[in-house]
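Report on the following structure.
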Amino acid sequence: MTIFSALASFSVVAGLMTIVPGLDTALVLRAAISGGRRHAFATALGINTGVLVWGAAAAVGVSALLTASQTAYTAVRLAGAAYLIWVGAGMVWRTVRRPAGTSAAGSGVTPAAAPGPSTLPGAGRAWARGLLTNLLNPKIGVFYVAMLPQFIPADAPHLPMGLLLALVHNVEGMAWFTLLISGTHLARGLLAGDRLHRVIDRITGTVLVGFGLRLALSAE
């Protein structure tokens with residue numbers, strides 16, 4: 001397998017994984033609707049930063065611990081589940097706490113904000129949320145440790161090749177997220193209003209809690 005054929009083959013697999021609706025898509029769409037393009041792209045960049053970390057980890061064999069050690073996998077799985085439930089419950093709680101008709105700015109709550117370091121600016125929180133959500137999802141790690149080594153040619157240096165493959169995934173992911181964010185921006189006139197933002201936060205928060213519970217109760 002040549003480097004070119006490896007990149008071409010992996011791009012097909014990663015592309016299919018990218019367009020399948022999931023947690024990453026939900027986070028980016030929510031950020032685009034409630035916080036605008038800046039927060040949405042920051043969330044997408046955080047997710048893609050996590051992809052690069054997983055790519056490097058899989059290339060050097062670090063993420064193999066997730067499949068070799070049940071304890072390591074369980075620890076990451078429970079940490080990820082707790083984080084998703086925390087973020088999702090926080091979104092739902094803010095919609096309940098904030099009176100109807102009160103804007104997020106007026107209530108002192110940034111629309112795209114979620115529990116996180118208070119010292120970070122809004123875009124920084126969005127980036128950190130995307131990064132942590134990706135890193136604390138052991139299924140992403142398992143995907144990378146199971147798939148990525150198969151696309152590394154025998155004579156290629158593992159770490160640079162792993163990062164290159166993850167970068168291919170990043171490019172496809174950013175293209176997909178850009179399409180979603182641009183479409184959402186064009187429709188923002190129809191998506192404006194605090195009431196709708198509250199509904200979106202409740203739906204997204206519920207989805208995150210659901211993902212968290214599913215991850216926590218998952219046996220593998």
Side-chain angles (χ1 to χ4, degrees), residues 18 21-54 79-137 140 169-212 215:
T18 297
L23 180 59
D24 293 346
T25 299
L27 284 177
V28 172
L29 283 176
R30 186 262 176 183
I33 294 171
S34 298
R37 287 184 292 184
R38 181 167 176 261
H39 287 85
F41 277 114
T43 302
L45 286 174
I47 291 169
N48 282 346
T49 302
V51 167
L52 285 176
V53 173
W54 277 122
Y83 178 75
L84 292 179
I85 294 171
W86 176 44
V87 173
M91 288 182 183
V92 175
W93 170 245
R94 282 194 303 277
T95 66
V96 174
R97 185 182 60 182
R98 190 169 71 240
T102 301
S103 67
S107 64
V109 178
T110 304
S118 59
T119 56
L120 291 175
R125 285 196 299 269
W127 176 85
R129 183 168 62 252
L131 173 64
L132 288 174
T133 300
N134 189 276
L135 290 181
L136 291 174
N137 187 349
I140 299 296
H169 194 181
N170 267 353
V171 171
E172 293 179 333
M174 282 306 300
W176 174 247
F177 290 144
T178 298
L179 181 63
L180 293 177
I181 294 168
S182 298
T184 303
H185 179 73
L186 292 176
R188 283 202 80 184
L190 300 175
L191 300 174
D194 181 66
R195 185 179 296 276
L196 180 58
H197 288 179
R198 285 158 55 87
V199 172
I200 291 169
D201 276 1
R202 287 180 182 178
I203 293 175
T204 307
T206 301
V207 169
L208 293 182
V209 171
F211 270 112
L215 190 59

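Numbers for residues simply follow the sequence, beginning at 1.
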### Task
Measure the CG-CG distance between Leu131 and Leu135 for me, rounded to the nearest 0.5 Å.
4.5 Å
### Task
Please report the closest heavy-atom contact between Met174 and Leu45, naming both atoms and the distance.
SD-CD2, 4.3 Å
### Query
Is the shortest heavy-atom distance from the side chain of His169 to the side chain of Leu52 under 4.5 Å?
no
### Task
Over all heavy atoms of both residues, which pair between Ala89 and Val209 is shortest? Give the atoms and the distance, please.
N-CG2, 3.6 Å
### Query
Hey, are the side chains of Thr133 and Leu23 touching, using non-hydrogen atoms and a 4.5 Å cut-off?
yes
### Query
When rounded to the nearest 0.5 angstrom, what is the spacing between CG in Leu27 and NE2 in His39?
13.5 Å
### Query
Rounded to the nearest 0.5 Å, how far apart are CD1 of Ile33 and CD1 of Ile203?
9.0 Å
### Query
Can you name the side chain to side chain contact (heavy atoms under 4.5 Å, CB included) partners of Asp24, sequence neighbours left out?
Ile47, Asn134, Phe177
#### Entry: side chain to side chain contact (heavy atoms under 4.5 Å, CB included) partners for Leu179, two or more places apart
Trp176
### Query
Out of curiosity, Ile181 CD1 to Arg38 CZ, how far, rounded to the nearest 0.5 Å?
13.0 Å
### Message
On a heavy-atom basis, which atom in Ala42 and which in Ala123 lie closest, and how many Å separate them?
### Response
CB-O, 3.4 Å
### Message
If I compare all heavy atoms of Ala31 with all of Thr43, which pair ends up nearest, and what's the gap?
### Response
CB-OG1, 3.6 Å
